[in-house]
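Here is the naming used below: chain letters follow the sequence lines, and residue numbers restart at 1 for every chain. Reckoned from all heavy atoms, side chains included, excluding hydrogens, waters and symmetry mates. In this text, all values refer to a predicted model and were calculated from it rather than measured experimentally.
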2 protein chains.
Amino acid sequence: MTYMKKKYPIRLTPQRLAILEYLEGNKAHPSASDIYKAVSEKYPMMSFATVYNTLDTLREKMQVLELSIDSKKKRFDPNTKPHHHLICMECKAITDIHRKFALDLTDGERCDYKIMRNHIDFYGVCSNCKKKTK
Amino acid sequence: MTYMKKKYPIRLTPQRLAILEYLEGNKAHPSASDIYKAVSEKYPMMSFATVYNTLDTLREKMQVLELSIDSKKKRFDPNTKPHHHLICMECKAITDIHRKFALDLTDGERCDYKIMRNHIDFYGVCSNCKKKTK
DNA sequence: ATGTGTGCAAACGCTTTGCAATTTG
DNA sequence: CAAATTGCAAAGCGTTTGCACACAT
């Protein structure tokens, strides 16, 4: 487990390791309670506060992204490389798209903001749902 | 007030008119409680449930968009024309950007989806918040 | 010894719901 | 009259917080 020490610049408690283990490579964009449910099965000592604390810490250290895809709850993405999303309007599946798009705003559009990044959501219908609709 | 009859395909009660009046041309992307606060000052008979009911109905009839920009609460946009958003990461202000971006995905990226539309969020810091941070 | 992390439970804010009363077509 | 809408209050759910205890450096 110590292999993570370099990778994650936070103190690695058993709880945090359990959470990181669950997140590692997870492409489901889980919510905090998804994480709590999954992790507490294996490690029953886990508390909700610790999940939130850990996610907070990870977000501060940029080890996790907090997504606003779902207006009901935060969802988390362990893939911190900037990327975009392809979302199925039917089944809500989310696929990552790893490409940079150079999108420049005009001075007028920029409204004197300092722009840091952009995120694109592509909305469509996945191949599975296309079949069903027919 | 009857001028709205054609425009909004819903039964127009005084409460709904009050909400529509507040939303008409509103570019602040208000939350449900923003709407409740503003409208109930003028029409004290307004209840929270009615605000949510009305927003739900309007969303079904595509008269309002529900935004998931803010992970804490839903925000609503009376502008249903497709457009993009410039978001202040500090104060969560949202500015509309009315431009079409032609963003084509490669066949590989498209994952056999039928893509309908895209939405871009530009994240940055607005001029107000830039001042405060210094 | 000091700071950091944990667990519990209570509190909080936004949203939804059940239901009776009212209004509308 | 039947169906839709309203207001109220309670409940639901995700999230945050306060605090005492445990742990690590």
- [ ] Can you figure out which of dT6(C), dG7(D), dT5(D) approaches the side chain of Q15(B) most closely?
- [x] dG7(D)
Open item on the list: For a 4.5 angstrom cut-off between non-hydrogen side-chain atoms, does V64(B) reach T54(B)?
Closed with: no
Task: Side-chain heavy-atom pair K130(B), E90(B) within 4.5 angstrom cut-off - done: no
- [ ] With sequence neighbours left out, write down each residue that passes salt bridge (charged side-chain N to carboxylate O under 4.0 Å, His left out) with R110(B), or none if nothing qualifies.
- [x] D107(B)
Task: Integer-rounded Å distance: dG7(C) P and Y43(A) OH - done: 13 Å
- [ ] For the helix from dA1(C)-dT25(D) to dG25(C)-dC1(D), figure out the bend between the end axes, five pairs an end, and round to 10 degrees.
- [x] 30°
TODO: Examine dT6(C): is either OP1 or OP2 under 4.0 Å from a nitrogen or oxygen in the side chain of R16(A)? Give yes or no.
DONE: yes
Task: Separation of dG7(D) C1' from I19(B) CD1 (nearest whole Å) - done: 13 Å
- [ ] Sugar-phosphate means primed atoms, P, OP1 and OP2; the rest is base. With that split, encode nucleotides 8-20 of chain D 5' to 3' as B, S or - using protein heavy atoms under 4.0 Å.
- [x] B-----SBBB---
- [ ] Check whether any side-chain nitrogen or oxygen of T13(A) sits under 4.0 Å from OP1 or OP2 of dT6(C), and answer yes or no.
- [x] yes
- [ ] Round to a whole Å and report the spacing from CG of L55(B) to C1' of dT15(C).
- [x] 11 Å
- [ ] Give a yes or no on this: more than 12 heavy atoms of other residues, nucleotides or ligands lie within 6.0 Å of atom CD of E41(B).
- [x] no
Open item on the list: For H84(A), run the ring-ring contact (aromatic ring centres under 6.0 Å, His included) check against F122(A), F101(A), Y123(A) and tell me which one passes.
Closed with: F101(A)
Task: Candidate list H85(B), K73(B), K74(B), test side chain to side chain contact (heavy atoms under 4.5 Å, CB included), partner L67(B), passing option - done: H85(B)
Task: Y52(A), F48(A), Y43(A) screened by ring-ring contact (aromatic ring centres under 6.0 Å, His included) with Y36(A), the one that passes - done: F48(A)
Open item on the list: Quick check: do L86(B) and E109(A) have side-chain heavy atoms less than 4.5 Å from each other?
Closed with: no
- [ ] Round to a whole Å and report the spacing from CG of L58(B) to P of dA4(D).
- [x] 17 Å
Task: Whole angstrom value for the distance that separates C1' of dT15(C) from CZ of R59(B) - done: 12 Å
Task: Rounded interatomic separation in angstrom, taking OH from Y36(B) and P from dT6(D) - done: 14 Å
- [ ] To the nearest 0.5 angstrom, please state how far the NE2 atom of H83(A) sits from the OG1 atom of T80(A).
- [x] 9.0 Å
TODO: Give the rounded distance in Å between these two atoms: NZ of K61(A) and C1' of dG5(C).
DONE: 13 Å
